[in-house]
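Data first, discussion second: the structure below is written as structure tokens.
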Amino acid sequence: MKSGSASNKVVLYWHRTDLRLHDSPALHAALALNPSVFIPIWTWDPHYVYRSRVGPNRWRFLLECQSDLSHSYSQLNSKQKLWVVREAPLTVLPKLWKQWDITHLVFEKDTDSYARDRDDAVLRLAHEAGVEVIVKMGRNLFDPDELVRKNGGKPTMSISQVEKAAGQINHAQPDQPWDTPKSIPHPWEQDKMDLGSMEHEIAEPTPDLNSNHRIAKDTQYSLIMGPKNDFAVPTMEEIGIDSSLAISPHRGGESVALTMLSNYIQDDEYIGTFEKPKTSPAAFEPQSTTLLSPHLHFGTLSVRKFWWDVQGDLNKRKQEKKPNATIPTNLLGQLLFRDMYFAAQAAVGEPFSRTYGNKAVRFIDWHLQSEPQQGADNVLPARAYEIDSAEAEEWFQRWKTGRTGFPWIDALMRQLKQEGWIHHLGRHSVACFLTRGGCYVSWERGAEVFEELLIDHETACNVGNWMWLSCTAFFSQFYRCYSPVAFGKKWDPSGEFVRRYVPELARFDKKFIYEPWKAPIADQKKWGCRVTNDDSAGDGQVYPKPMFDFDERRQVCMDRMKNAYDVGLHGADEQVLNGSWRQLFGEDGDDHQGPKAKKQKTLEGD
DNA sequence: GACAAGTTGCCCGG
DNA sequence: CCGGGCAACTTGTC
């Protein structure tokens with residue numbers, strides 16, 4: 001190496017939220033130690049493998065990210081790769097430190113609540129083992145904890161709060177990105193890298209929230225270095241996930257992400273005029289937004305590089321006197337929203353992803369509420385919910401599987417399942433429909449489905465957006481309700497999007513494409529699809545009737561929202577924690593009852 | 001206490 | 001494509 005003799009530092013670099021080489025503050029810090037031995041690892045945390053909901057598309061996307069990173073390491077140093085270890089971090093890390101004579105452990109800061117606890121435990125173990133630990137923030141524009149401090153210790157609940165708080169951090173400009181390293185030190189010689197003689201602890205697979213996606217026994221934990229003892233990135237077969245269901249066209253990996261970004265950046269008209277509310281949720285091939293969110297999630301794209309590359313285009317256009325869209329609707333604003341949700345989560349901590357015990361969110365008397373987990377640990381495995389209404393349960397299942405009978409909703413839910421991605425406004429449509437604008441089902445049920453199916457699933461952002469749409473936090477104008485008919489029609493009057501994802505209706509006239517149940521029977525026959533709940537009807541295809549009258553449901557939901565706002569409970573209130581909230585809302589939970597709190601309020605007023 | 005602002009509603013009229 | 005009515009939320013500022 002040209003930088004002279006290396007130190008005697010042996011650095012273990014732990015990849016988690018940062019599957020990239022470019023602009024990684026943690027990787028930069030690790031290499032700045034000038035290590036004589038450098039070992040970049042991934043280790044499979046059972047919390048992700050079994051206790052997080054991960055569908056086939058995201059599994060494959062993650063494996064692609066790992067393969068790409070491993071390949072990039074090998075290109076910089078033919079002895080290097082991403083060393084994929086199959087054991088839980090808390091048990092395997094101390095053994096690796098010993099086996100590989102590690103002096104330093106380096107990783108990127110993760111402010112998700114589970115990760116904080118895990119990393120705190122790792123810090124304690126490292127201290128005991130005499131291993132020095134370096135942790136660097138690189139996942140966000142601004143350190144979520146620092147944003148919270150600048151926001152008076154409170155969760156960031158609006159973009160203006162974020163702008164104000166970020167303004168006190170380097171004038172609201174994130175740090176400049178680091179370059180990609182030009183060389184990577186060697187690992188140990190092959191025989192020392194070998195873990196064959198190390199004790200191996202196999203992760204406990206129950207409960208396995210992803211068992212419904214496995215077609216074979218999950219064997220990834222049976223051999224610590226993988227089936228060929230070469231630390232290779234696992235295959236879908238090794239983890240037992242059905243790869244025939246991983247049909248998303250969206251690809252993982254740092255090189256894919258950087259190519260996508262540079263293509264967008266070359267088009268300064270697209271970057272400069274981007275306004276999120278004006279991008280179409282019905283666009284496909286190509287979509288109207290960047291599709292870079294999954295890369296931000298896995299850290300295959302640095303959010304700070306994204307920021308500064310966009311800023312570069314905006315500065316250039318400014319000099320050329322071309323107009324630029326502004327925060328919050330422009331691309332920079334989108335990245336700030338991501339930081340807003342991270343900082344809100346960082347402030348609230350573990351209860352952030354649910355209502356129960358969460359003081360930052362409004363309590364609403366949804367159907368299918370999460371059951372409080374008395375004395376449960378933070379992990380919340382298969383989160384239980386109360387089926388208080390068989391009707392609502394059926395609506396939820398039909399929503400999830402794209403059989404509501406509303407083509408716009410069903411098209412979006414089928415796109416979600418197939419591709420692992422839908423446009424932000426499409427997420428608005430289906431989230432409003434499930435919660436305050438249709439089914440009146442708890443937002444937590446919807447968030448869990450998104451957690452499973454989205455390739456860009458980010459807990460802070462997903463949960464935050466569900467709170468937004470359900471008007472439980474961040475947003476409160478519940479009288480602004482998305483129509484499952486009008487909203488799609490506005491963006492896509494001829495219904496191309498519906499035809500693509502609900503092929504049964506492909507031949508329907510555009511007059512009926514959003515409301516096929518209104519088409520005359522003769523036309524339904526002519527267009528090859530009967531709109532009926534009788535699956536055996538006719539010879540051709542069948543599409544269900546709408547599962548309820550939307551206008552009727554909108555009114556019911558709005559009345560109940562008004563009532564819930566009048567009651568005014570929040571997730572950490574006594575009445576929520578002890579279950580007595582039911583008395584405040586009326587015991588039978590009848591959708592058609594009048595608002596109860598209104599009356600109480602009037603009495604108080606007297 | 002009034003008033004404005006808040007990334008992305010719908011419907012109708014011009 | 002724009003504006004107002006619809007019926008009406010919270011937060012921040014004056």
Side-chain angles (χ1 to χ4, degrees), chain A residues 151-152 154-167 271-283 287-290 293 310 324-341 344 359-364 406 408-409 412 422-438 443 461 464-493 514-515 550-570 595 597-598 601:
Chain A
N151 194 47
K154 293 197 291 276
T156 44
M157 300 308 283
S158 71
I159 266 300
S160 46
Q161 285 175 17
V162 173
E163 285 187 89
K164 208 181 271 182
I271 298 290
T273 60
F274 185 101
E275 288 183 84
K276 187 63 161 282
K278 292 185 182 168
T279 57
S280 171
Q287 285 86 358
S288 60
T289 50
T290 66
S293 52
V310 168
N324 283 328
T326 54
I327 292 169
T329 54
N330 69 4
L331 280 166
L332 301 181
Q334 305 314 297
L335 301 182
L336 282 177
F337 273 106
R338 181 171 175 272
D339 265 33
M340 175 182 84
Y341 290 130
K359 62 178 187 301
V361 307
R362 200 169 276 284
F363 178 84
I364 291 165
F406 294 96
W408 172 245
I409 300 296
L412 286 162
I422 49 180
H423 184 278
H424 189 61
L425 292 179
R427 301 181 197 197
H428 277 215
S429 286
V430 300
C432 183
F433 184 86
L434 181 70
T435 58
R436 65 182 168 86
W443 63 265
C461 301
N465 277 315
W466 273 95
M467 290 171 180
W468 184 299
L469 263 298
S470 60
C471 290
T472 54
F474 300 102
F475 184 72
S476 54
Q477 288 156 264
F478 55 76
Y479 45 89
R480 290 192 187 164
C481 180
Y482 288 86
S483 157
V485 174
F487 191 71
K489 209 180 266 181
K490 181 174 87 179
W491 290 102
D492 180 15
Y514 289 99
E515 298 167 288
F550 173 70
D551 288 333
E552 197 179 287
R553 286 300 307 171
R554 172 166 54 187
Q555 201 49 56
V556 168
C557 288
M558 243 183 244
D559 289 348
R560 288 189 68 154
M561 287 299 289
K562 205 185 296 183
N563 182 50
Y565 267 63
D566 285 340
V567 171
L569 288 178
H570 289 77
K598 215 44 195 264
K601 224 178 184 179

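We name chains A, B, ... by the order of the sequence lines, and we start the count at 1 in each one.
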So does [Y] get a backbone contact from the side chain of [X], meaning a donor-acceptor N/O pair under 3.5 Å?
{"X": "A:T156", "Y": "A:M340", "answer": "yes"}
{"X": "A:E275", "Y": "A:P328", "answer": "no"}
{"X": "A:Y514", "Y": "A:G488", "answer": "yes"}
{"X": "A:N465", "Y": "A:C461", "answer": "yes"}
{"X": "A:S476", "Y": "A:A473", "answer": "no"}

Calculate the interatomic distance between [X] atom [atom1] and [N] atom [atom2]; express it in whole Å.
{"X": "A:N330", "N": "B:dT8", "atom1": "CG", "atom2": "P", "value": "15 Å"}
{"X": "A:R553", "N": "B:dC10", "atom1": "CZ", "atom2": "C1'", "value": "20 Å"}
{"X": "A:H428", "N": "B:dT7", "atom1": "NE2", "atom2": "P", "value": "11 Å"}
{"X": "A:F475", "N": "C:dC9", "atom1": "CZ", "atom2": "P", "value": "13 Å"}
{"X": "A:D566", "N": "C:dA8", "atom1": "CG", "atom2": "P", "value": "10 Å"}
{"X": "A:L335", "N": "B:dT7", "atom1": "CG", "atom2": "P", "value": "16 Å"}
{"X": "A:L469", "N": "B:dT7", "atom1": "CG", "atom2": "P", "value": "14 Å"}
{"X": "A:F337", "N": "B:dT8", "atom1": "CZ", "atom2": "P", "value": "8 Å"}

Using the ring of each side chain (for Trp, its six-membered ring), is A:F433 parallel, tilted or perpendicular to A:F550, with breaks at 30° and 60°? parallel
Quick one: label [X] by what it contacts on the DNA or RNA (base, sugar-phosphate, nothing), any heavy atom closer than 4.0 Å.
{"X": "A:E275", "result": "nothing"}
{"X": "A:K489", "result": "nothing"}
{"X": "A:F487", "result": "sugar-phosphate"}

Across all strands shown, which nucleotide pairs with C:dA8 by Watson-Crick or G-U wobble geometry, both distances under 3.5 Å?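 Matched C:dA8 with nothing under the 3.5 Å cut-off.
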Strand partner of B:dT8, provided both Watson-Crick or wobble distances fall under 3.5 Å: none
Can you name the closest pair of heavy atoms from [X] and [Y] and give their distance?
{"X": "A:P277", "Y": "A:L425", "value": "O-CD1, 4.1 Å"}
{"X": "A:F274", "Y": "A:Q334", "value": "CE2-CG, 4.1 Å"}
{"X": "A:L469", "Y": "A:T435", "value": "O-OG1, 4.3 Å"}

Looking only at atom P, what distance separates C:dG4 and B:dA4, rounded to whole Å?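 To the nearest whole Å, 14 Å.
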Provide the distance between the two P atoms, one in B:dG6 and one in C:dA8, to the nearest whole Å.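 Straight-line distance between the two P atoms is 23 Å.
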Applying side chain to side chain contact (heavy atoms under 4.5 Å, CB included) between A:L332 and each of A:T329, A:N330, A:L336, report the one that passes. A:N330
So, does A:R362 get its side chain near the phosphate of C:dT10, meaning an N or O under 4.0 Å from OP1 or OP2? yes
Select one nucleotide: of C:dT13, B:dT8, C:dA7, the one nearest the side-chain heavy atoms of A:K164. C:dT13
Can A:Y565 be called stacked on C:dC9 when the rule is centres closer than 5.5 Å and an angle between planes below 30°?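 According to the criterion (under 5.5 Å, under 30°), no, A:Y565 does not stack.
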Taking N or O atoms only and anything under 3.5 Å, show me the protein contacts with nucleotides 11-14 of chain B, one pair per line.
none

Indicate for each nucleotide in nucleotides 1-6 of chain B, in 5' to 3' sequence, whether protein heavy atoms under 4.0 Å reach the base (B), only the sugar-phosphate (S), or nothing (-). -----B
